[in-house]
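One structure is given here, and the rest of the page talks about it.
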Amino acid sequence: MSVTSLDPDIAARLKRNPDGLVPAVVQQHDTGEVLMLAWMDDEALHRTLTTGSATYWSRSRGEYWVKGATSGHTQRVVSVALDCDGDTLLVRVDQEGAACHTGDHTCFDAGRLL
């Protein structure tokens with residue numbers, strides 16, 4: 001993770017986990033369908049807010065990734081909101097193609113538990 005240009009007022013509102021990350025729930029803006037959960041640090045959030053392309057921190061690869069940069073399944077960011085506790089982001093997007101790395105439209109197609 002790197003030094004960031006995130007607005008200090010926004011940064012002050014975030015409650016990060018011990019790794020400096022905040023979970024980001026990603027939702028299709030027009031249907032409300034939950035597509036995926038990803039992680040953001042301050043820089044990923046800054047990039048998302050300034051470019052309009054969803055950018056996340058990959059915990060497994062230890063690097064930033066722009067959703068769809070290699071797959072073409074892009075997420076155009078419509079809005080970003082912080083929850084009341086400051087510890088979770090809601091990223092509303094216009095999803096192009098599959099949101100899940102498995103090729104499914106949503107990461108929550110793996111089967112209901114209840």
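We're numbering straight along the sequence, starting at 1.
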Practice task
Flag yes if V80 and L6 sit in one hydrophobic cluster, no otherwise; membership is Ile, Leu, Val, Met, Phe, Trp, Tyr, and two members link when side-chain heavy atoms are under 4.5 Å apart.
Solution key: yes
Practice task
Among Ile, Leu, Val, Met, Phe, Trp and Tyr joined by side-chain contacts under 4.5 Å, find the other residues sharing a cluster with V78 and list them by chain and number.
Solution key: none
Exercise for the section: Identify the heavy atoms of A98 and G103 that sit nearest to each other, and give their distance. Expected result: CB-O, 3.3 Å
Fill in the blank from the handout: Output for pair (L14 CG, L21 CG), nearest 0.5 Å, gives 11.0 Å
Exercise for the section: Grab the two heavy atoms, one from A99 and one from Q95, that are nearest each other, plus how far apart they are. Expected result: CB-OE1, 3.5 Å
Exercise for the section: Would you mind listing every salt bridge (Lys or Arg N to Asp or Glu O under 4.0 Å) that reaches into residues 77-86, with sequence neighbours excluded? Expected result: none
Handout entry: Partner residues of A54 under the side chain to side chain contact (heavy atoms under 4.5 Å, CB included) criterion, sequence neighbours left out
Key = Y56, K67, Q75, V77
Problem - Over all atoms of both residues, closest heavy-atom pair of E43 and Y64 - result: CB-OH, 3.2 Å
Exercise for the section: Applying side chain to side chain contact (heavy atoms under 4.5 Å, CB included), name anything that partners E33, two or more places apart in sequence or on another chain. Expected result: Q28, T31, L35, H105, T106
Practice task
Determine the minimum heavy-atom distance between R16 and A11, stating which atoms define it.
Solution key: NH2-O, 2.8 Å
Practice task
Report yes or no: do W65 and W39 belong to one cluster of Ile/Leu/Val/Met/Phe/Trp/Tyr joined by side chain heavy-atom distances under 4.5 Å?
Solution key: no
Problem - Side-chain donor or acceptor of Q27 paired with backbone N/O of G32 under 3.5 Å - result: yes
Exercise for the section: Name all residues meeting the salt bridge (charged side-chain N to carboxylate O under 4.0 Å, His left out) criterion together with R76; count only those two or more places apart in sequence or in a different chain, and write none if there are none. Expected result: D94
Practice task
For R59, check side chain to side chain donor-acceptor pair (under 3.5 Å) against everything at least two apart and list the hits.
Solution key: none
Completion exercise
Between T48 and M40, the two heavy atoms sitting closest are OG1-CE, 3.4 Å
Practice task
Look at the side-chain heavy atoms of Ile, Leu, Val, Met, Phe, Trp and Tyr, link any pair under 4.5 Å apart, and say whether L89 and L37 land in one connected group.
Solution key: no
Practice task
Please identify each residue that fulfils side chain to side chain contact (heavy atoms under 4.5 Å, CB included) with R13, with sequence neighbours left out.
Solution key: L82
Handout entry: I10-V91 co-clustered via ILVMFWY side chain contacts under 4.5 Å
Key = yes
Handout entry: Separation between CG of D41 and CZ of R47, rounded to the nearest 0.5 Å
Key = 8.0 Å
Handout entry: Single-linkage hydrophobic cluster, 4.5 Å side-chain cutoff, L90 and V22 together
Key = no
Handout entry: Test side chain to side chain contact (heavy atoms under 4.5 Å, CB included) applied to D9 - qualifying residues, sequence neighbours left out
Key = D7
Practice task
For S58, enumerate each residue passing the side chain to side chain donor-acceptor pair (under 3.5 Å) test, keeping only those at least two apart in sequence or located in another chain.
Solution key: S60
Exercise for the section: Say whether, by atom type as modelled, one donor and one acceptor occur between the side chain of D104 and the main chain of C107 under 3.5 angstrom. Expected result: no
